[in-house]
Amino acid sequence: MAGFAGRLARCWYSGFLRSPLQVPALGLHVGGPAMQTSQKDFNNAVSQLKLLKEDPGNEVKLKLYALYKQATEGPCNVPKPGMLDFINKTKWDAWNALGSLSKEAARQNYVDLVSKLSASSESPSPEAPAADRKQPESDSLVVTSGDGITTIRLNRPTKKNALTTQMYHDIIAALQAASKDESPITVLTGSGDYFCSGNDLTNFTSLPAGGPEEMARSSAVLLRDFVNCFIDFPKPLVAVVNGPAVGISVTILGLFDVVYATDRATFHTPFSHLGQSPEGCSSYTFPKIMGSSKAAEMLLFGKKLTAQEACAQGLVTEVFPDSTFQKEVWARLKAYSKLPPNAMRISKQIIRDREKEKLHAVNAEESNVLRERWLSDECMNAIASFLSRKSKL
Ligand SMILES: CCCCCCCCCCC/C=C/C(=O)SCCNC(=O)CCNC(=O)[C@H](O)C(C)(C)COP(=O)(O)OP(=O)(O)OC[C@H]1O[C@@H](n2cnc3c(N)ncnc32)[C@H](O)[C@@H]1OP(=O)(O)O
């Protein structure tokens, strides 16, 4: 990165620019304390910028460019470049947008911005808890942000990351927060040796006052809301499948944009064994992804796929050797997270919008069918059998 600031100081700009409208609010000064910034402070900030360890990204560089020009030359006083001179026009727009901001205020804003960037580039932890959002209610879900990626981690390794009722609620909240945060990419992954063993079968053991009917009704509502969040998620959503996946943690993969899996992962949907039926829109996405007969073998007969098989069927994007899985996948995601976020969002929107209405209808129908299934003898017996095997009843 050494030298990028030098180019800035010489009014550089190269490369593709993100929309200046996406520049975060920088709290521009327009007077008052701004007058106190000396030329020396400004020169120091110009030098300090050269020491930044990380490229601050095109949006911030554009802001710095505009402030530098305003601080050294005053309000924009050069003719607007032609429409096709895209880069110079974008630079001109950024400078011109500062209007009549005084040189002193521009100096102050430049110094403030550089000091903010220096402070964050010295941050000791590359991945920090996402401070701007409400953290999940329990430790079973951990949400962190860093390197342009928000990671939602299932964190119940002793129970193979089985999803409790609270975790469904926490994942919904985490996805809603991630859809609005600064990270261009969101990841779902698991702690320990499993990605997720699906619905926690003990969820069905504490009956509410309304009895089994009420339990089935409220579970269907929760399931529908949970899956809706995946259908509507507006930015790239990646599953980092760190181990075996069961049930709903497999079916929702059809709603992800990209699925990376370790070669240790397996994909199992034992719905018939449990007296249940498919969810997560898999009754629609799986036949579409892998063809109707391969989908039927998984969803009707509970055929467990290896990672390689799931990749060949199109459910998984790429399989990595377990020994290098984490390193390779995170390096790749880190690189992808530097792509222009608006372009990624818009591309996802184009792909997803055509399908959204259909996916919502499928989700509603699957949830209704399951509501009935949960009250069936087949389902109750299968759950009782799992729980008694484990002496949980
Ligand atoms: C009223 C509101 C309710 C809200 C509910 C919302 C409704 C949404 C539901 C959507 C429909 C979802 C469907 C599915 O996901 S179906 C799939 C369900 N999952 C399973 O059937 C997997 C069951 N588990 C297993 O088969 C095995 O545990 C597994 C193969 C995953 C691992 O076997 P292994 O021998 O390696 O390990 P253990 O069995 O010893 O497991 C370690 C401990 O973890 C507990 N465990 C694992 N998975 C689950 C689970 N899904 N539910 C509950 N508990 C689980 C296991 O019991 C062990 O616990 P202990 O150490 O205490 O014995």
Side-chain angles (χ1 to χ4, degrees), residues 137-138 140-141 154-172 188 190-230 241-255 264-283 286 298-305 362-376 378-393:
E137 294 284 323
S138 81
S140 300
L141 196 75
L154 309 174
N155 189 39
R156 236 185 135 213
T158 56
K159 300 286 180 186
K160 311 293 182 193
N161 297 324
L163 298 172
T164 61
T165 307
Q166 184 61 52
M167 286 166 80
Y168 287 105
H169 288 292
D170 284 343
I171 294 169
I172 291 173
L188 180 71
S191 296
D193 61 342
Y194 258 67
F195 175 59
C196 174
S197 62
N199 186 42
D200 188 312
L201 295 171
T202 65
N203 282 338
F204 294 116
T205 55
S206 36
L207 278 186
E213 283 75 16
E214 176 51 27
M215 189 210 63
R217 191 203 62 79
S218 62
S219 300
V221 170
L222 181 56
L223 172 63
R224 199 198 53 214
D225 292 350
F226 176 76
V227 175
N228 275 344
C229 284
F230 289 89
V241 183
N242 56 298
V246 186
I248 192 165
S249 72
V250 177
T251 56
I252 51 166
L253 295 178
L255 297 171
R264 256 190 339 98
T266 52
F267 299 83
H268 192 199
T269 48
F271 298 128
S272 298
H273 301 70
L274 291 166
Q276 298 187 30
S277 50
E279 21 63 354
C281 293
S282 59
S283 62
F286 279 26
M298 276 191 89
L299 297 176
L300 272 54
F301 300 145
K303 183 183 179 195
K304 192 196 283 188
L305 300 191
V362 170
N363 182 27
E365 192 192 347
E366 288 177 346
S367 303
N368 274 337
V369 171
L370 263 172
R371 178 180 170 177
E372 299 293 321
R373 282 277 90 211
W374 285 324
L375 296 173
S376 70
E378 285 181 347
C379 180
M380 288 187 189
N381 291 340
I383 290 173
S385 157
F386 172 78
L387 297 175
S388 61
R389 179 172 67 92
K390 294 285 176 188
S391 305
K392 301 259 163 49
L393 278 181

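Order of appearance sets the numbers: ligands from 1, and atoms from 1 within every ligand.
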task: Nearest 0.5 Å please: distance from the CZ atom of R156 over to the CD atom of Q166.
output: 11.5 Å
- request: Say whether W374, considering both its backbone and side-chain N or O atoms, lies within less than 3.5 Å of an N or O atom on ligand 1.
  value: no
- line: Here the atoms of ligand 1 under 4.0 Å from any heavy atom belonging to T165 are 2 (C), 3 (C), 4 (C)
field: Test item: F195 and L188 side chains (from C-beta on) under 4.5 Å apart, heavy atoms
entry: yes
statement: Under 4.0 Å between heavy atoms, the region of F386 that gets near ligand 1 turns out to be side chain
task: Would you mind listing which atoms of ligand 1 come within a distance below 4.0 Å of any non-hydrogen atom of M215?
output: 1 (C)
- prompt: Y194: heavy atom below 4.0 Å from ligand 1, yes or no?
  reply: yes
message: Checking R371 now: which residues fulfil side-chain hydrogen bond (donor to acceptor under 3.5 Å, both in side chains) with it, not counting sequence neighbours?
response: none
query: Which atoms of ligand 1 sit under 4.0 Å from any heavy atom of L274?
result: 16 (S), 17 (C), 18 (C), 21 (O)
Test applied, salt bridge (charged side-chain N to carboxylate O under 4.0 Å, His left out); reference residue, D193; option that passes from K159, R264, K160: K160
E214 atom CD, neighbour heavy-atom count above 12 within 6.0 Å: yes
- prompt: Evaluating non-hydrogen atoms only, which member of K160, R373, E279, H273 is closest to atom 36 (O) of ligand 1?
  reply: K160
Proximal candidate to atom 46 (N) of ligand 1 [heavy atom criterion; set E214, H169, K159]: K159
Close approach, T158 and ligand 1, non-hydrogen under 4.0 angstrom: yes
- request: Provide the closest heavy-atom pair for V362 versus S283 in the form atom of the first, atom of the second, distance.
  value: CG1-OG, 3.6 Å
- prompt: For ligand 1, which atoms sit closer than 4.0 Å to a heavy atom of G198?
  reply: 15 (O)
message: I need the single residue from N199, D170, D200, L222 that forms a side-chain contact (heavy atoms from CB on, under 4.5 Å) with T165. Which is it?
response: L222
task: Could you pull out, from S197, G247, G302, S367, the option with a heavy atom nearest to atom 20 (C) of ligand 1?
output: S197
query: Which pair of heavy atoms, one from N161 and one from Y194, lies closest together, and at what distance?
result: ND2-O, 3.0 Å
- prompt: Taking heavy atoms and a distance under 4.0 Å, where does A162 meet ligand 1: side chain, backbone, both or neither?
  reply: side chain
field: 4.5 Å side-chain heavy-atom contact, E366 and V227
entry: no
query: Where does N199 meet ligand 1, judged by heavy-atom distances below 4.0 Å: at the side chain, the backbone, both, or neither?
result: both
message: Do L223 and S219 make a side-chain contact, defined as non-hydrogen atoms from C-beta onward lying under 4.5 Å apart?
response: no
- prompt: Is it the side chain, the backbone, both or neither of L223 that has a heavy atom closer than 4.0 Å to ligand 1?
  reply: side chain
statement: Near I248 (heavy-atom distance under 4.0 Å), the atoms of ligand 1 are 10 (C), 12 (C), 14 (C), 15 (O)
